[in-house]
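Throughout, protein chains are lettered first and strands after them, A, B, ... in sequence-line order, and every chain is numbered starting at 1. Since we're looking at a predicted model, the values are computed, not measured.
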2 protein chains.
Amino acid sequence: MSRTPSTTAVVAATPAFQRIKDHVLQQIQSGQWQQGQAIPSEAALARQFNVARMTVNRALRELSDEQTLNRVQGSGTFVAQQKYQSTLVQLRNIADEISARGHQHRGQLQRLERYKADAALLRQFELTAAQQQLFHSVVVHFENDVPIQVEDRYVNPAVAPDYMAQDFGSQTPNAYLTRVAPLQGVQYAIEASMPGPEVAELLRMEITEPCLVLRRCTRSQGQVASVSALWHPASRYQFTGSF
Amino acid sequence: MSRTPSTTAVVAATPAFQRIKDHVLQQIQSGQWQQGQAIPSEAALARQFNVARMTVNRALRELSDEQTLNRVQGSGTFVAQQKYQSTLVQLRNIADEISARGHQHRGQLQRLERYKADAALLRQFELTAAQQQLFHSVVVHFENDVPIQVEDRYVNPAVAPDYMAQDFGSQTPNAYLTRVAPLQGVQYAIEASMPGPEVAELLRMEITEPCLVLRRCTRSQGQVASVSALWHPASRYQFTGSF
DNA sequence: TAGTGGTCTAGACCACAGC
DNA sequence: CTGTGGTCTAGACCACTAT
């Protein structure tokens, strides 16, 4: 192949695989190649760009990883469905978030107990009535001494048997659990909800102010490890980001 | 090379690059290779796995794309910083979301007007007092005739001059804007907030029930294109997902 | 059967780090 | 200078799809 570099050192040129990616993206953005339509084969693009097929392969494989193309072995490469106009919100743990803002985080253990689960909670944990002993913790998280989150958490003893012996002032339940029980999956929901009297008092807020609530169910070792509700006062907390 | 296939056809084997990825991930997860530590070079892994360097290169490059490794040309490959325990929430547009649930979406235009922006809104749009005419629309979105979202949107006339002439019953403002003004960036915030009387009435909810609010600011053509607030009754809406 | 993508090789040249 | 990753080649064999 007679490519840009090597001859006299034109250098600086963008890599060939990137130029091919750019070309494909431009064809799609300009509407030349419509959604669902087949695009030229690897061999054809290799001829067109005067590169090896492996180079084209990398370009198309990356675009496929990025959901821009769909590839079907034996059939061809197709323009993928247009992306949703969607946004991703990243939910981080509260201690990291506060320290990322350069503020002081402090966790205050409010309650730590064995708890006999009711039917609804057992269902969430996928447990039977034979194993209804759970651990329950309530921790208030402060940002510069202002309460910003109440973490109300139930934990499966089978996954974290030593949960009750931890010092949750120095280590958040979250940090402990991710260390002892590597996370397999998370389900979550963000809601708006009025606080109960206890949550309102812990957050030092009026009971007429709503809360932004993140409910989360984490799995580990093939079981439900933890079910938690994170309560935040609406006036002091929001999930933000950009895209 | 004397690899699994080709000899007698063991087949089914996972690809070599995937086995290398798995190996690296396992070393990291087991703690053998710690965060920040250098891992063996491509050449070393190629010898160890008895494959070509390109195969190792693909494995490590993909892990690098996935944020598991950091690679520095001339220096080496290092275990990346441990991921946050974080979750991504996907925010989709309401019409897609409702039809994905197999339900009926309907948009009802409530208001469409020219609006003289106040100082706060001008600041959000990064405009001066010389250009304070904005477009303003209010659309109620129904899922099977139950109101689920009030979309309160301000639009920059410079970006979408024909906004006032659209039929927002047949096409959501969102769909129109993304068509005429390709999106460059989004900023968003999720909040809990009490509805005003008008929002409560449009959503047919009690004014004592909180709302889950998504505020969004979109950019297009180098300008702020649109500032919107999407109000949802807490009892009928939450952002959910899994990971 | 011909054409597609999926993977892999055994070299190669380059830019860059660190010594 | 040596060793690293970044890229690329010109083949190859395979599994799969379409005809």
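Summarising the geometry, the separation between CE on B:Met54 and P on C:dG6 is reported as 15 Å, rounded to the nearest angstrom. Whole-Å rounding puts the A:Leu45 CG to D:dC8 P distance at 15 Å. Rounded to an integer number of Å, the gap from CG of A:Asn50 to C1' of D:dT7 is 16 Å. We find that CZ of B:Arg47 is positioned 15 Å from P of C:dA10, with the value rounded to whole Å. Here the C1' atom of nucleotide D:dC16 and the CZ atom of A:Phe78 are 13 Å apart, to the nearest Å. Computed from coordinates, the A:Phe17 CZ to D:dG6 C1' distance equals 8 Å when rounded to whole Å. The nearest whole Å value for the distance from the CZ atom in B:Arg58 to the P atom in D:dG6 is 15 Å. Going from atom NZ of A:Lys21 over to atom C1' of D:dC8 covers 16 Å, rounded to whole Å.
For the pair B:Thr55 and C:dT7, the criterion of a side-chain N or O lying under 4.0 Å from OP1 or OP2 is not met. Under 4.0 angstrom from either OP1 or OP2 of C:dG5 there lies no side-chain N or O belonging to A:Arg61.
Of the N and O atoms on the side chains of A:Asp22 and A:Gln26, not one donor lies less than 3.5 Å from an acceptor on the other residue. Judged purely by distance below 3.5 Å, without hydrogens or angles, the side chains of B:Glu97 and B:Tyr237 pair a donor atom with an acceptor atom. No side-chain N or O of B:Ser137 forms a donor-acceptor pair with one of B:Tyr154 less than 3.5 Å apart.
Residue-environment remark: CD (A:Gln104) stays at or below the threshold of 12 foreign heavy atoms within 6.0 Å.
For the pair B:Arg216 and B:Tyr188, the cation-pi criterion (under 6.0 Å, within 45° of the ring axis) is not fulfilled.
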Report, one pair per line, the protein and nucleotides 1-5 of chain D atoms (nitrogen or oxygen only) whose separation is under 3.5 Å.
{"from": "D:dG3", "atom 1": "N2", "to": "B:Gly74", "atom 2": "O", "distance (Å)": "2.9"}
{"from": "D:dT4", "atom 1": "O2", "to": "B:Gly74", "atom 2": "N", "distance (Å)": "3.1"}
{"from": "D:dG5", "atom 1": "OP1", "to": "B:Thr77", "atom 2": "OG1", "distance (Å)": "3.0"}
{"from": "D:dG5", "atom 1": "OP2", "to": "B:Glu42", "atom 2": "N", "distance (Å)": "2.9"}

### Bracket string, DNA chain D, 5' to 3' - pairs by Watson-Crick or G-U geometry under 3.5 Å, | interstrand
|.||||||||||||||||.

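B:Asn156 contributes no side-chain N or O that, together with a main-chain N or O of B:Ser226, makes up a donor-acceptor pair within less than 3.5 Å.
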### From CA spacing to verdict: salt bridge (Lys or Arg N to Asp or Glu O under 4.0 Å), B:Glu62, A:Arg61
CA-CA 11 Å; B:Glu62 290 189 1; A:Arg61 178 159 37 79; 3.5 Å; yes

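Annotation: B:Trp231 is not in aromatic contact with B:His141 [ring centroid separation under 6.0 Å not met].
Considering all non-hydrogen atoms of both residues, B:Leu230 and B:Glu151 come closest at CD2-CG, 3.6 Å.
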